[in-house]
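Right, one structure below, let's go through it.
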Amino acid sequence: MKLTFYGHASFSVEIGGRHLVFDPFITPNEAARHIDIKTIKADYLLLSHGHGDHVADAVAIAKNTDALVVASAEVAGWIGAQGVEKTHPMNHGGKKELDFGSVRCVNAIHSSGLPDGSYGGNPMGFVITSPEGNFYYSGDTALTLDMQLIPRWATLDFAVLCIGDNFTMGYEDAVEAARLAGAKKVVGVHYDTFGYIRIDHAKARQAFEAAGIELLLPAIGETIDV
Ligand code: NI
Ligand code: MN
C-alpha cells in the first residue's frame, strides 16, 4: 500500500487499485500550500468527523473526483446538502463492503460539530481491510480501551494515529493506542499544524522507539510505502 500525507490529518492510501482520501484539510493549511487539491485522486473520501480541520476540502474534492463520501449519517447528510450526490452514511459498529475491501466504523472519543454549527453525529475511526492489507485510522480521539477490540477484526499492517495532544491523544498515549490496536508501524498525524498541537519530534520518536514501534512522520506531499 502507498500512503500520501497532505498535512494535518489529511492523507490518502492506495489500496486494491483504489484511492482512499481521509479528512481533507489542505487549502486552509499554510504548510500544505504546495498541494493542489485538483491533482488529488479519490475513489472514496472518508471523513472521521465534522470539524473544519477534517472536512474543509471535502466538497471540492468529492465534486472534482466523483468519489463516494463515507461518513457519519449527519456528516454525510451535510456534505450531500452541498450538492455531492454520492454519499454513504455509517455509524459506530457498522461495517460496509466496498470494491477494494471493507470499512468498519469504530469509536473515537471526541466531538463532531460541523463548521456551520450543525450537529455532526458521532466522531469515528475507521478500520480498513482488504486483500492487500489492513490499517486503522483513529480519527481525532483520546486513548480508549475500545482500541483493544481492533485486533479481533484485523491484523494491522499500520495505523494512522493522532499524536498532537491538547485536542486528541498525544504521542505517549498514541504509543499505548498502537499497542492496544496491535500496530507495529504508526503514521503520526494531527500535530504541528497549530500552536496548540506543536510537538517535540525527537521525544515522539523516542517514545515509539522505546516501545519497539516504528513511527513515520512523512513530509507534506510525501508518498511512503506502508
Ligand atoms: Ni476534531
Ligand atoms: Mn482535528
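Whatever order the structure lists them in is the order used to number ligands and atoms, beginning at 1.
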Checklist entry - Does the pair Phe22 and Phe11 meet the rule for a ring-ring contact (aromatic ring centres under 6.0 Å, His included), with working shown? => result CA-CA 5 Å; Phe22 293 82; Phe11 61 98; 4.5 Å; yes

Checklist entry - What protein N/O/S atoms sit under 2.8 Å from the Ni ion (ligand 1), by chain and number? => result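 N, O, S partners closer than 2.8 Å: His49 NE2, His51 ND1, His110 NE2, Asp140 OD2.
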
Next on the checklist: Determine whether a donor-acceptor pair (N or O, by modelled atom type, separation under 3.5 Å) exists between the side chain of Ser10 and the backbone of Phe25.
Outcome noted: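 Side chain of Ser10 to backbone of Phe25, a donor-acceptor pair under 3.5 Å: yes, one is there.
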
Checklist entry - Between Phe167 and Tyr196, what is the ring plane arrangement, given parallel below 30°, perpendicular above 60°, and tilted in between? => result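 If you compare the ring of Phe167 with that of Tyr196, the planes turn out perpendicular.
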
Item to check | Parallel, tilted or perpendicular, as decided by the 30° and 60° cut-offs, for the rings of His201 and Tyr191 | outcome: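 Ring orientation, 0 to 90° scale: perpendicular.
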
Next on the checklist: Between Asn122 and Ser72, is there a side-chain donor-acceptor contact under 3.5 Å, judged purely by atom types and distance?
Outcome noted: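 No, because no side-chain N or O of Ser72 sits under 3.5 Å from a partner of the opposite role on Asn122.
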
Next on the checklist: Between Tyr137 and Asp23, do the side chains contain a donor N or O and an acceptor N or O under 3.5 Å apart?
Outcome noted: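 Yes - a donor-acceptor pair under 3.5 Å links their side chains.
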
Checklist entry - Using a distance threshold of 2.8 Å, what protein N/O/S atoms lie below it relative to the Mn ion (ligand 2)? => result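 Per the 2.8 Å query on the Mn ion (ligand 2), atoms found are Asp53 OD2, His54 NE2, Asp140 OD2, His190 NE2.
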
Item to check | With Ala207 via side-chain contact (heavy atoms from CB on, under 4.5 Å) - residues at least two apart | outcome: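 side-chain contact (heavy atoms from CB on, under 4.5 Å) check on Ala207 returns Tyr171, Val175.
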
Checklist entry - Do the side chains of Tyr119 and Leu114 get nearer than 4.5 Å, heavy atoms only? => result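 Result no, sub-4.5 Å side-chain heavy-atom pair not found.
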
Item to check | Listed partners of Arg18 passing salt bridge (charged side-chain N to carboxylate O under 4.0 Å, His left out), at least two apart | outcome: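 Expected list: Asp99.
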
